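Remarks on the structure that follows.
Just so you know, these numbers come straight off a predicted model, no measurement behind them. For the single chain, residues carry numbers from 1 onward in sequence order.
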Amino acid sequence: TPVRVIQTRLCTFCALNEQAEMQNAGAWCGFYVARGSASGFAALEGALTERLTARLFGDPTVLSQDVTGRAATEVELRVATRLCEELFSALEAHWPARPAPRMVPRAATPNRHSVADTTTTAAVMACVLEFGSDEEPLGRLILALPAAMLRGVLGVVETPANVRAARERGTNYDRVMACEVELVVELTRLTSSLGALQ
């Protein structure tokens, strides 16, 4: 099943928690970061949970089914839990910094309030994944990573292209050593009166 990232955005947990497309037969799988207080979640559209489950059982009519007004079944929740566990493990394995944050998952539930312990005003980086082909989309999954998880990540990423470019530049400073630079140094600041200055 092809999966692609269609959007990433910085928003609040509350904004994601109220999305209508996640209310019908949706599955919510929360996680918390070990050795920290941050928590996040993955939310699967009801259409996605139903269609993935139906595919496992070989149902060819999966794309025509309607999930409006019902909760996810126990089987769908088990499929969603397994999918999220695999997703969290993949994130840890490919995290660009070491040590990678340990994401401890919880079982998926049909109630969005199951992840309500996440601070509603806390910033999260939301990544929207779409499952299926362009012709037959299966549904979407929203992964919400607490912004605190991403602190410091960009500063430690060293891609092969960056390393190669730095090596090619070398450390030859001869061409810039003749440049003159004016340097102003402020030794201290003090408060005084005009009388004292006189």
Side-chain angles (χ1 to χ4, degrees), residues 1-59 62-63 65-95 99-132 137-150:
T1 302
V3 182
R4 58 192 175 278
V5 178
I6 62 173
Q7 186 185 58
T8 56
R9 67 182 186 275
L10 186 66
C11 58
T12 64
F13 164 79
C14 186
L16 289 178
N17 200 23
E18 298 301 327
Q19 290 203 3
E21 63 269 21
M22 296 295 173
Q23 308 309 318
N24 294 312
W28 301 76
C29 185
F31 70 86
Y32 68 90
V33 182
R35 295 182 299 177
S37 59
S39 59
F41 64 90
L44 292 78
E45 283 184 345
L48 179 60
T49 58
E50 184 177 62
R51 290 165 178 170
L52 289 179
T53 304
R55 277 196 169 190
L56 291 176
F57 294 99
D59 186 350
V62 61
L63 291 178
Q65 298 179 20
D66 186 11
V67 297
T68 304
R70 75 166 180 84
T73 66
E74 288 298 323
V75 175
E76 289 169 346
L77 292 176
R78 290 179 64 181
V79 172
T81 299
R82 178 61 184 271
L83 175 61
C84 290
E85 289 174 349
E86 296 288 343
L87 176 61
F88 299 156
S89 296
L91 277 171
E92 292 177 21
H94 295 86
W95 199 258
R102 177 78 176 92
M103 302 168 66
V104 182
R106 302 168 182 170
T109 70
N111 188 344
R112 72 180 191 272
H113 299 297
S114 63
V115 291
D117 58 342
T118 304
T119 305
T120 56
T121 58
V124 295
M125 182 61 70
C127 179
V128 183
L129 307 177
E130 187 167 70
F131 287 63
L138 298 180
R140 295 181 177 183
L141 178 153
I142 295 180
L143 173 66
L145 297 176
M149 284 181 63
L150 304 176

Are [X] and [Y] side-chain neighbours, meaning at least one heavy-atom pair lies under 4.5 Å?
X      : Y      : result
Arg106 : Tyr32  : yes
Leu44  : Glu76  : no
Cys127 : Val5   : yes
Leu91  : Leu145 : yes
Leu87  : Phe31  : no

Please round to the nearest 0.5 Å and tell me the distance separating atom [atom1] of [X] and atom [atom2] of [Y].
X      : Y     : atom1 : atom2 : value
Arg102 : Ser89 : CZ    : OG    : 7.0 Å
Glu86  : Leu83 : CD    : CG    : 8.0 Å
Thr81  : Trp28 : OG1   : CH2   : 14.5 Å
Ile142 : Thr8  : CD1   : OG1   : 12.5 Å

Side-chain (Ser39) to main-chain (Gly30) donor-acceptor, under 3.5 angstrom: no
Which atom of [X] lies closest to which atom of [Y], heavy atoms considered:
X      : Y      : result
Pro105 : Met103 : CD-O, 3.3 Å
Glu92  : Ala100 : O-CB, 3.5 Å
Gly139 : Leu48  : CA-CB, 4.0 Å
Val124 : Pro146 : CG1-CA, 4.1 Å
Arg9   : Met125 : O-SD, 3.5 Å

Partners meeting side chain to side chain contact (heavy atoms under 4.5 Å, CB included) with Ile6 (sequence neighbours left out):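 Ile6 satisfies side chain to side chain contact (heavy atoms under 4.5 Å, CB included) with Arg4, Val128, Glu130, Arg140 only.
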Partners passing side chain to side chain contact (heavy atoms under 4.5 Å, CB included) against Ala42 (at least two apart in sequence or in another chain): Cys84, Phe88, Leu141, Leu143
Salt-bridge present (Arg78, Glu74; N to O < 4.0 Å): no
